[in-house]
A.B. asks: 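Here it is: the structure, laid out below.
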Amino acid sequence: MARNPYEVLGVQKDASNDEIQKAFRRMAKKSHPDLFPGDKKAEDRFKDLNAAYDIIGDATKRARFDRGEIDNSGAEARQNPFNRGARGGPQGFGGGGPQGGGFAFEDLSDLFGGMFRGGRGPGGGNPFGGGAGPGPGASQNNDMRFALDVDFIDAAIGTKKRLTLPGGRSLDVNIPAGISDGQTIRLKGQGGQGANGQFGDALIEVKIKPHAKFRREGNDIHIDLPVSLKEAVLGDKVDVQTVHGPLTVSVPKGSSSGARLRLKGKGITAKGKDAGDQYVTLKIVLPKKADADLEKFLQGWDNNYDPRKE
C-alpha cells in the first residue's frame, strides 16, 4: 500500500510549495539510484519520492488529494455516492482514514524540473534510464516527458532547439538564458491525448553538456587561463573566452599562478536575476621545450625569495 506522500517527503500537511520542493530536492539527491547502482531498495525509494512529489508537488493534484478525490498512489479514490461532498478520508468521508486522508503533492516537472534522467512518475517510463534523447512517458494526466541535450553556451545565453517526438512530430523549444541542468520546460497542450480528448503537456527536461573550459557555479562562470612566464612577470594584454564571446583582459605585472581576475557581468544572465561574473584563474605554463637562455639567466640570478615561507 502506497504511503502518504507527506510522510514520504517528511513534510507537514500545511507545508508550503517551496518547502515541499526543497524537501524533494534534498531527499532525491541523497536517494538517486545513480549513487547506488544495482540497489533495488534505492530504486524503490526514489520511485516513492517521485510518486509522492507527483501528487503534492502539483497544486491541482494536491488539492484533490486533500479532498480525498485521489489516493496515496494518485489513483481516483472510490467515493460514497451519498457523500461526495465530504472531505478527508479516501472513501470521501470526513476524517483521515487509513490512507491518511487529505494530503497533497505538486508536479515534479513543473516546480523542480526533471532532476534526473528519463521519464518519472506514474507511467513515466524508466526513471533510471540513461542517455539524453527523447524518452516519453505518459502520466495519468496525459503529460509526456522528454529529455533534451543542450550545449553549455546555448544554455548560458539562450537558444531555440527542435525536438523530434516519436511519430515524427517536432516541437520548437525555447531554451531561456541561464537555464540550469535538470530544469524542466513545460509546453502546454503538447503532450498525449487522453480518453476525454484533452491534451496534456510536454515536459522537456534539459540536460546541459559539460564544457571543456567553462565551469558554472550558480550564475558565475569559471575558466583557467594559461599565461607565459613573461606575461606573468611583465604583465600583458591577452584574449580570454567568455560565454558571450572573446574579450581582452590585462594580466597584472608580477602575477602568480592561481591569481584570479574578475570580469563583472560576464557570467550567466538569467531573467529576473542579476548577471553573474566570470572568474579567470591564471595558470603559468612553461614551454615544453627547454629554454636555454631562461635556464642560463636563472642559474645566475641571485634571489633569496622563498615562496614556501609565506
A.B. asks: Please identify each residue that fulfils side-chain hydrogen bond (donor to acceptor under 3.5 Å, both in side chains) with K237, with sequence neighbours left out.
C.D. replies: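 Listed in chain order: S250.
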
A.B. asks: A202: which residues meet the side chain to side chain contact (heavy atoms under 4.5 Å, CB included) condition with it, sequence neighbours left out?
C.D. replies: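 F146, L171, L187, Q190, I204.
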
A.B. asks: Carefully, step by step, assess D151 and T159 under the rule side chain to side chain contact (heavy atoms under 4.5 Å, CB included).
C.D. replies: CA-CA 10 Å; D151 290 333; T159 188; over 6 Å; no

A.B. asks: Looking only at heavy atoms, what is the nearest atom pair of K188 and D201, with distance?
C.D. replies: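 Between these two residues, the closest heavy atoms are CA-OD1, 3.2 Å.
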
A.B. asks: Please list all pairs meeting side chain to side chain donor-acceptor pair (under 3.5 Å) that have one or both residues in residues 259-277, counting only residues at least two apart or in different chains.
C.D. replies: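 As it turns out, the side chain to side chain donor-acceptor pair (under 3.5 Å) pairs with a partner in residues 259-277, which skip direct neighbours, are R262-D277.
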
A.B. asks: With rounding to the nearest 0.5 Å, note down the distance linking CD1 in I20 to OH in Y6.
C.D. replies: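 With rounding to 0.5 Å, CD1 (I20) is 5.5 Å from OH (Y6).
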
A.B. asks: Looking at every heavy atom in both M27 and L9, which two are closest together, and how far apart are they?
C.D. replies: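 It is SD-O, 3.4 Å.
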
A.B. asks: Using the side-chain hydrogen bond (donor to acceptor under 3.5 Å, both in side chains) criterion, which residues pair with S228? Sequence neighbours excluded.
C.D. replies: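 E231.
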
A.B. asks: Rounded to the nearest 0.5 Å, how far does CG of L49 lie from CZ of R26?
C.D. replies: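 Atom-to-atom, R26:CZ and L49:CG are 10.5 Å apart.
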
A.B. asks: Please enumerate all residues that pass ring-ring contact (aromatic ring centres under 6.0 Å, His included) together with H211, with sequence neighbours excluded.
C.D. replies: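 By the ring-ring contact (aromatic ring centres under 6.0 Å, His included) rule, H211 matches F152, F214.
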
A.B. asks: Going through the distances and angles, do D154 and I175 end up as a side chain to side chain contact (heavy atoms under 4.5 Å, CB included)?
C.D. replies: CA-CA 8 Å; D154 286 339; I175 307 297; 6.0 Å; no

A.B. asks: Show me the donor-acceptor pairs, under 3.5 Å and distance only, between side chains in residues 280-289 and residues at least two apart or in other chains.
C.D. replies:
none

A.B. asks: State the CG-CD1 distance between L261 and I223, to the nearest 0.5 angstrom.
C.D. replies: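 Answer rounded to 0.5 Å: 11.5 Å.
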
A.B. asks: Y305: which residues meet the ring-ring contact (aromatic ring centres under 6.0 Å, His included) condition with it, sequence neighbours left out?
C.D. replies: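 With neighbours one apart ignored, the set is empty.
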
A.B. asks: With sequence neighbours excluded, tell me which residues meet side-chain hydrogen bond (donor to acceptor under 3.5 Å, both in side chains) with K22.
C.D. replies: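 Here the qualifying residues are D18.
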
A.B. asks: Measure the spacing between OG1 of T242 and CD1 of I153 and express it to the nearest 0.5 Å.
C.D. replies: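 Rounded to the nearest 0.5 Å, the OG1-CD1 separation comes to 8.5 Å.
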
A.B. asks: What residues form a salt bridge (charged side-chain N to carboxylate O under 4.0 Å, His left out) with D14, not counting sequence neighbours?
C.D. replies: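 Once residues adjacent in sequence are excluded, D14 has no partner under the salt bridge (charged side-chain N to carboxylate O under 4.0 Å, His left out) criterion.
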
A.B. asks: To the nearest 0.5 angstrom, please state how far the CG atom of D236 sits from the NZ atom of K253.
C.D. replies: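 If I round to the nearest 0.5 Å, the distance is 12.5 Å.
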
A.B. asks: Go through the steps for I179 and I185 under the test side chain to side chain contact (heavy atoms under 4.5 Å, CB included), then give the verdict.
C.D. replies: CA-CA 9 Å; I179 194 168; I185 298 171; 3.8 Å; yes

A.B. asks: What is the distance from atom CG of D71 to atom CZ of R64, rounded to the nearest 0.5 Å?
C.D. replies: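 D71 CG to R64 CZ: 10.5 Å, rounded to 0.5 Å.
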
A.B. asks: Check step by step if side chain to side chain contact (heavy atoms under 4.5 Å, CB included) holds for V240 and Q278.
C.D. replies: CA-CA 11 Å; V240 64; Q278 177 161 318; 4.2 Å; yes

A.B. asks: Verify salt bridge (Lys or Arg N to Asp or Glu O under 4.0 Å) between R186 and D143, making sure each step is shown before the conclusion.
C.D. replies: CA-CA 9 Å; R186 179 184 290 270; D143 290 346; 3.7 Å; yes

A.B. asks: Looking at G267, is its backbone amide N or carbonyl O close enough to the side chain of R216 to form a donor-acceptor pair, meaning the two atoms are under 3.5 Å apart?
C.D. replies: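 It does not hold such a pair.
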
A.B. asks: Checking D306 now: which residues fulfil salt bridge (charged side-chain N to carboxylate O under 4.0 Å, His left out) with it, not counting sequence neighbours?
C.D. replies: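 Checked D306 against salt bridge (charged side-chain N to carboxylate O under 4.0 Å, His left out); matches are R308.
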
A.B. asks: Looking only at non-hydrogen atoms, find the nearest pair between V238 and V251 and report the distance.
C.D. replies: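 Taking every non-hydrogen atom into account, CG2-CG2, 3.7 Å.
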
A.B. asks: Might you point out which heavy atoms bring F46 and A28 nearest each other, and give the distance in Å?
C.D. replies: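 Heavy atoms only, the tightest pair is CE1-CB, 3.9 Å.
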
A.B. asks: With sequence neighbours excluded, what pairs up with R169 under the salt bridge (charged side-chain N to carboxylate O under 4.0 Å, His left out) test?
C.D. replies: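 Applying salt bridge (charged side-chain N to carboxylate O under 4.0 Å, His left out) to R169 gives none.
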
A.B. asks: Listing request: all ring pair (Phe, Tyr, Trp, His ring centres under 6.0 Å) pairs with a residue in residues 258-284, at least two apart in sequence or in separate chains.
C.D. replies: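 Counting only pairs at least two positions apart or across chains, the ring pair (Phe, Tyr, Trp, His ring centres under 6.0 Å) contacts touching residues 258-284 are H222-Y279.
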
A.B. asks: Which atoms form the tightest heavy-atom contact between D181 and K207, and what is the distance?
C.D. replies: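 For D181 and K207, the tightest heavy-atom pair comes out as OD1-CA, 3.4 Å.
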
A.B. asks: So which atom in S180 and which in I208 form the shortest heavy-atom distance, rounded to 0.1 Å?
C.D. replies: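 Result for this residue pair: C-CD1, 3.6 Å.
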
